[in-house]
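Nothing fancy with the numbering, it's 1 onward along the sequence.
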Amino acid sequence: VQLQASGGGLAQAGGSLRLSCAVSGGTFSNYALGWFRQAPGEEREFVAIIGWDFATKYANSAKGRFTVSKDNVKKMVYLEMDRLTTDDTAVYYCAARWRFIETTRGRYDYWGQGTQVTVSS
């Protein structure tokens with residue numbers, strides 16, 4: 001399974017960005033697809049996940065601002081990020097695991113290469 005994240009870039013505080021992740025290999029509809037992020041000097045942290053059944057879970061920092069979605073036909077997963085703050089600056093990674101929601105990064109089997117998000121004040 002390969003994942004390719006894209007859509008990062010520079011945004012103003014209060015603005016929006018939409019990240020995309022293309023997934024190839026495996027059976028897409030069987031995967032839970034998560035987003036993690038890693039700021040400089042920090043641990044990689046959970047942001048959001050969508051399960052095989054479209055159930056979702058968000059980190060507290062993402063609730064009410066970020067929306068995770070997926071398209072089983074296009075084999076894409078998305079992270080819509082609104083009301084961005086400078087604290088959202090990080091490299092964002094998409095990841096896949098079997099079916100079920102999990103927030104622990106060690107329980108993911110496949111990772112994309114990351115896309116940089118920088119939010120300026």
Could you list all the disulfide (SG to SG under 2.5 Å) pairs where at least one residue sits in residues 54-86, not counting sequence neighbours? none
Would you mind listing every disulfide (SG to SG under 2.5 Å) that reaches into residues 88-121, with sequence neighbours excluded? Cys21-Cys94
Can you name the side chain to side chain donor-acceptor pair (under 3.5 Å) partners of Gln38, sequence neighbours left out? Arg44
Looking only at heavy atoms, what is the nearest atom pair of Ala90 and Ala39, with distance? CB-N, 3.8 Å
Which pairs with one or both residues in residues 1-24 pass side chain to side chain donor-acceptor pair (under 3.5 Å), sequence neighbours excluded? Ser16-Asp82
Restricting to pairs with a member in residues 48-66, which pass salt bridge (Lys or Arg N to Asp or Glu O under 4.0 Å), not counting sequence neighbours? Arg65-Asp88
Scan residues 94-107 for pairs that pass side chain to side chain donor-acceptor pair (under 3.5 Å), counting only residues two or more places apart or in two chains. Asn30-Arg99, Glu43-Arg105, Glu102-Thr104, Glu102-Arg107
Pairs touching residues 48-77 that satisfy disulfide (SG to SG under 2.5 Å), sequence neighbours left out: none
Hits for side-chain contact (heavy atoms from CB on, under 4.5 Å) against Glu45, two or more places apart or cross-chain, chain-then-number order -> Arg37
Residues 66-79 vs side chain to side chain donor-acceptor pair (under 3.5 Å), sequence neighbours excluded, gives Lys70-Asn72
Does Val1 sit in a hydrophobic cluster with other residues, and if so which ones, taking ILVMFWY side chains as linked at heavy-atom separations under 4.5 Å, directly or through other members? Leu3, Leu17, Leu19, Val23, Phe28, Tyr31, Leu33, Trp35, Val47, Ile50, Phe54, Tyr58, Phe66, Val68, Val77, Leu79, Met81, Leu84, Tyr92, Tyr110, Val117, Val119
Whether Thr89 side chain and Thr118 backbone form a donor-acceptor pair below 3.5 Å: no
Applying ring-ring contact (aromatic ring centres under 6.0 Å, His included), can you list everything that pairs with Phe36, at least two apart in sequence or on another chain? Phe46, Tyr108, Trp111
